[in-house]
Amino acid sequence: MSSKTTPEQPLPVRTVLQMVGGWIGKLGTVWVEGQITELTARGGTVFLTLRDPVANMSARVTCPRGVYEATVPRPVDGARVVMHLKPDFWVNRGSFAFTALEMRPVGVGELLARLERLRQVLAAEGLFGVDRKRRLPFLPGTIGLICGRDSAAERDVLENSRRRWPAVRFKVEPVAVQGPYAVTEVTEALRKFDADGEVDVIVVARGGGSMEDLLPFSDESLVRAVAACRTPVVSAIGHEQDNPLLDLVADVRASTPTDAAKKIVPDVGEQLTLIRQLRDRGRRVTAGWLDRETAWLSAVRSRPSLADPVRELERRAEQADQLRDRARRCLTASLDRAGDSLTHLRARLVALSPAATLERGYAIVQRPSGDVVRLARDTAPGEELTVRFSDDRVTVRRDPEPTG
């Protein structure tokens, strides 16, 4: 293909095709995995198309009948196989195809092992973590439904959701749910709904099928697309026993499309029943509270202080009068006793006073300073003394002591 050509010196078709055939012949052999479609047998050759499981790409393959019949079990349309291929270019027709040198079916065990390895890788990245899962809104405004066109899964989700909540709204995106186009179409629909501001929940639904039919829902690119969604995603793939990787990455897993309807919208009958129960409970609580408060108020009103407040005031006034009279009696008695004691004390003082002593016939001798002389020896000779009587007094002088 390195020959220089010009409009004046073009190459003939045979030369170009021979050059293409020579270049393709140098590519060698390669092991390829894909899904068989359009399988036909004519004479000693089996013709088939090998499709990519994810992308919308395919290649023609010619397989000698001996190679095909040596494969156990013999592949059929839709089977996953690994083939050892040699690229061939037919110069006479200018067509390209692969020639199968060996064919091996991909068994269920091998598929499960691949899925388990992929699951471990995605789990290690945290795509299945509970902390990243989002709660569904109680009542979504619009639900985006991704499902097969006119499928039973679509009818189950729509009918059961509307039976539970008649006003629910859906946007439906029909896609291929198996085969080579499934992953691409489901991923595109998912991104479309995620970008739609009206969609509050996305549901990916499909009915039951074989493990091979459900393989698109374990594809790594689809799983990562679900993990990147900002809108909550509900996975409703297959039956209860089916468990594609989409179930693990989705925010909510529904065992069936019917179960998905129960999870995405509430039951209007159940909600009305709940409202009635709460209303009745509120009434009972309020009535009980009112009864307790009414009983308390009646008890308070029945107290004497509130039943006849004037009588209570009169009773208190009577108590005040009684206490006043009692205080007066106590004070009067105390004053009387104090008066008696004072009288007795005064009588005693009068009896013991100097005047009383003089009236009884006694006399009191005093010095000019007023001091009382009790003993004669306490006076000095010639000392002037005053002798007091009851009615009079005289001044005397003590005689001097007689001399020898």
Yes or no on side chain to side chain contact (heavy atoms under 4.5 Å, CB included) for Arg367 and Leu385, after CA distance, side-chain angles and deciding distance?
-> CA-CA 5 Å; Arg367 291 187 176 91; Leu385 301 171; 4.0 Å; yes

I would like to know whether Val46 and Leu39 meet side chain to side chain contact (heavy atoms under 4.5 Å, CB included); could you show each step before the answer?
-> CA-CA 7 Å; Val46 175; Leu39 179 66; 3.3 Å; yes

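- Between Ile36 atom CD1 and Ser58 atom OG the span is 13.0 Å, to the nearest 0.5 Å.
- Within 6.0 Å of CZ in Arg132 there are more than 12 heavy atoms belonging to other residues, nucleotides or ligands.
- Geometrically, Arg119 does not engage Phe128 in a cation-pi contact, judged by NZ or CZ lying under 6.0 Å from the ring centre and within 45° of the ring axis.
- By the 4.0 Å N-to-carboxylate-O rule, Arg169 lies too far from Glu198 to be salt-bridged with it.
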Walk me through it: do Leu85 and Val61 pass the test side chain to side chain contact (heavy atoms under 4.5 Å, CB included)?
-> CA-CA 8 Å; Leu85 302 178; Val61 178; 3.9 Å; yes

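- Between Gln319 atom CD and Arg315 atom CZ the span is 4.5 Å, to the nearest 0.5 Å.
- A salt bridge links Glu69 with Arg65; the closest basic N to acidic carboxylate O contact falls under 4.0 Å.
- No more than 12 heavy atoms of other residues, nucleotides or ligands lie within 6.0 Å of CZ in Arg374, so this atom counts as exposed by the packing criterion.
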Decide side chain to side chain contact (heavy atoms under 4.5 Å, CB included) for Arg224 and Leu122; before the verdict, give the C-alpha distance in whole Å, the side-chain angles of both, and the deciding distance to 0.1 Å.
-> CA-CA 9 Å; Arg224 293 187 181 279; Leu122 297 177; 3.5 Å; yes

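- Counting non-hydrogen atoms of other residues, nucleotides and ligands closer than 6.0 Å to CZ of Arg191 gives a total of 12 or fewer.
- To the nearest 0.5 Å, atoms CZ (Arg328) and CG (Leu335) are separated by 13.0 Å.
- Asp150 CG: 12 or fewer foreign heavy atoms inside a 6.0 Å radius.
- Within 6.0 Å of the CZ atom in Arg149, the count of heavy atoms belonging to other residues, nucleotides or ligands does not exceed 12.
- Within the 3.5 Å criterion, the main-chain N or O of Val175 finds no donor-acceptor partner in the side chain of Tyr181.
- For the atom pair CG of Leu27 and NZ of Lys86, the computed distance is 9.5 Å after rounding to the nearest 0.5 Å.
- Atoms OG1 and CG, from Thr6 and Leu11 in turn, are 9.5 Å apart once rounded to the nearest 0.5 Å.
- In this structure, CG on Leu118 lies 8.0 Å from OG on Ser218, to the nearest 0.5 angstrom.
- With hydrogens and angles ignored, the 3.5 Å screen pairs no side-chain donor or acceptor of Arg60 with any backbone N or O of Ala97.
- A side-chain contact (heavy atoms from CB on, under 4.5 Å) with Glu38 holds for exactly one of Leu48, Leu50, Thr49; it is Thr49.
- Although no hydrogens or angles enter the test, the distance criterion places a donor-acceptor pair under 3.5 Å between the side chain of Asp259 and the main chain of Ser255.
- Judged purely by atom type and a 3.5 angstrom limit, Asp194 uses its side chain to pair as donor or acceptor with the backbone of Arg230.
- Not one N or O on the side chain of Thr286 forms a donor-acceptor pair closer than 3.5 Å with the backbone of Arg283.
- Atom CZ of Arg279 sits in a crowded spot, with more than 12 heavy atoms from other residues, nucleotides or ligands closer than 6.0 Å.
- Looking only at distances, no side-chain donor or acceptor of Asp251 sits under 3.5 Å from a matching main-chain atom of Lys133.
- Gln120 and Glu116 share a donor-acceptor pair across their side chains, judged by distance under 3.5 Å alone.
- Between Arg276 and Thr273, the side chains place a donor N or O and an acceptor N or O closer than 3.5 Å (distance only, hydrogens not considered).
- Counting heavy atoms of neighbouring residues, nucleotides and ligands inside a 6.0 Å radius, atom CG of Asn92 does not exceed 12 of them.
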